[in-house]
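Bear in mind that the values here come from a model prediction, so they are computed numbers and not experimental data. Every chain is numbered from 1, with letters handed out A, B, ... down the list of sequences.
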Protein chains: 2
Amino acid sequence: MTQLTKNQDLVLGALKRSEAPLSAYVILDKLRDHGFRAPLQVYRALEKLIEMGLVHRLESLNAFVACAHSGESCCSHHGTVAFAICNACGHVMEFHDHTVEHRLSDWARGKGFKQEKTTIEIRGLCATCAAA
Amino acid sequence: MTQLTKNQDLVLGALKRSEAPLSAYVILDKLRDHGFRAPLQVYRALEKLIEMGLVHRLESLNAFVACAHSGESCCSHHGTVAFAICNACGHVMEFHDHTVEHRLSDWARGKGFKQEKTTIEIRGLCATCAAA
DNA sequence: TTTGTTGTGTTATGCTATAACGTGTGCCAT
DNA sequence: ATGGCACACGTTATAGCATAACACAACAAA
Ligand SMILES: [Zn+2]
Ligand SMILES: [Zn+2]
Ligand SMILES: [Zn+2]
Ligand SMILES: [Zn+2]
């Protein structure tokens, strides 16, 4: 794992401090005091952080979260990961399901489809918000 | 199934004629000759078509496809559906996997998460493009 | 020193989506 | 019939997300 640059560190910090996913523009606003002036500064940092697996992009939200892959997973590291996203409070749960992952890659293999990246996002209400 | 309005029919027609998913703005351009002038005309039609299950939104693409649910599915109609999207030619395969669907809803139930909509999208290369 | 790579900053632009307001039409209860 | 309502439609403006293009600085390898 290579060292983070200053901008990458700032962006990752902002995501880690947040309870909910952040859009690139929200990150930009949070970092204006640290010298950020343009969206590209954020997007460039995000691009690298995602490559490193430290951040995930939530496609259904156009937003980003710090990886919550607590290291206690069954597999050594990120294969396909899934997210449950609360529409009410914004809270995100990241999880891995071996069965789902294999089932999808079996389907792909069967079709000759060369899998590059898989998105799994469940939108709904978390237990807390569903109760309320 | 209620009758489609003129705009809904035009939008659905554009999607059906297309090999690849279309963004709302591409649809708009295709329909200018039919009197479309503003994005909202497209978005409003898409909203209804998606409600009716005739169109799907591809979250990782910010684009839309006509439903390819050929009626020959195991379940009577749409539960959770998955897509394989070719990054090279844009071709989309829509499919349903019972095991994946149940596995995810079991996870949700276990967490008390109330599932509303689930997105599953595999990006990669279709067999044709992978061979080339 | 030269060269290539990587991170950075800035400006401008393009793409995606919705807010707010107004119009017209069909339908139904009064 | 007439008022009221629901709904599709149309228009303008604006908000939100993402990248192109260019320039510069730091640093390491050749
Ligand atoms: Zn992760
Ligand atoms: Zn919640
Ligand atoms: Zn479908
Ligand atoms: Zn292809």
query: Does any pair with a residue in residues 30-46 of chain B pass salt bridge (charged side-chain N to carboxylate O under 4.0 Å, His left out), and if so which ones, sequence neighbours excluded?
result: B/D29-B/R32
Relative orientation of the end axes in the helix from C/dT1-D/dA30 to C/dT30-D/dA1, expressed as an angle to the nearest 10° (five pairs per end): 20°
DNA chain C contacts made by residues 16-49 of chain A, counting heavy atoms under 4.0 Å: A/R37, A/A38, A/L40, A/Q41, A/R44, A/K48
task: Taking all non-hydrogen atoms of both residues into account, name the closest pair between B/I120 and A/L104 and its distance.
output: CG2-CD1, 3.9 Å
A/L54 versus A/L12, closest heavy-atom pair with distance: O-CD1, 4.0 Å
- prompt: Are the side chain of B/Q41 and the backbone of B/F36 linked by a donor-acceptor contact shorter than 3.5 Å?
  reply: no
field: Which residues share a side-chain contact (heavy atoms from CB on, under 4.5 Å) with A/R17, sequence neighbours left out
entry: A/A14
Any pair counted as salt bridge (charged side-chain N to carboxylate O under 4.0 Å, His left out), so long as it reaches residues 48-66 of chain B, sequence neighbours left out: B/R57-B/E59, B/E59-B/K117
- request: Output the distance between atom CZ (A/R103) and atom CD (B/E101), rounded to the nearest 0.5 Å.
  value: 12.0 Å
task: List in numerical order all residues of residues 6-15 of chain B for which some heavy atom is under 4.0 Å away from an atom belonging to DNA chain C.
output: none
query: Nucleotide range of DNA chain C contacted by chain B, 5' to 3', under 4.0 Å to a heavy atom?
result: C/dT16 to C/dA20
- request: Might you work through the salt bridge (charged side-chain N to carboxylate O under 4.0 Å, His left out) test for B/D9 and B/K6, ending with a clear yes or no?
  value: CA-CA 5 Å; B/D9 192 58; B/K6 177 167 147 289; over 6 Å; no
- prompt: What are the 5'-most and 3'-most nucleotides of DNA chain D lying under 4.0 Å from any heavy atom of chain A?
  reply: D/dC17 to D/dA21
Scan the side chains in residues 122-132 of chain A for donor-acceptor partners under 3.5 Å anywhere in the protein, sequence neighbours excluded, and list what turns up.
| from | atom 1 | to | atom 2 | distance (Å) |
| --- | --- | --- | --- | --- |
| A/R123 | NE | A/N87 | OD1 | 2.8 |
| A/R123 | NH1 | A/S60 | O | 3.1 |
| A/R123 | NH1 | A/S60 | OG | 3.1 |
| A/R123 | NH2 | A/N87 | OD1 | 3.0 |

- request: Kindly state each residue pair satisfying ring pair (Phe, Tyr, Trp, His ring centres under 6.0 Å) with at least one member in residues 100-132 of chain A, sequence neighbours excluded.
  value: A/H98-A/H102, A/W107-B/F95
- prompt: With sequence neighbours left out, what residues match A/L15 under side-chain contact (heavy atoms from CB on, under 4.5 Å)?
  reply: A/V11, A/L22, A/I27, A/L46, A/V55, A/F64, A/A66
query: What are the two closest non-hydrogen atoms of A/T119 and A/E121, and how far apart are they?
result: CG2-OE2, 3.4 Å
statement: Sorted by chain and number, sequence neighbours left out, ring-ring contact (aromatic ring centres under 6.0 Å, His included) with A/F83 holds for A/H56
- prompt: Where the side chain of B/S18 meets the backbone of B/P21, is there a donor-acceptor pair that is under 3.5 Å apart?
  reply: no
statement: Closest non-hydrogen atoms of B/T80 and B/Q115, given as atom of the first, atom of the second and distance, are OG1-NE2, 4.4 Å
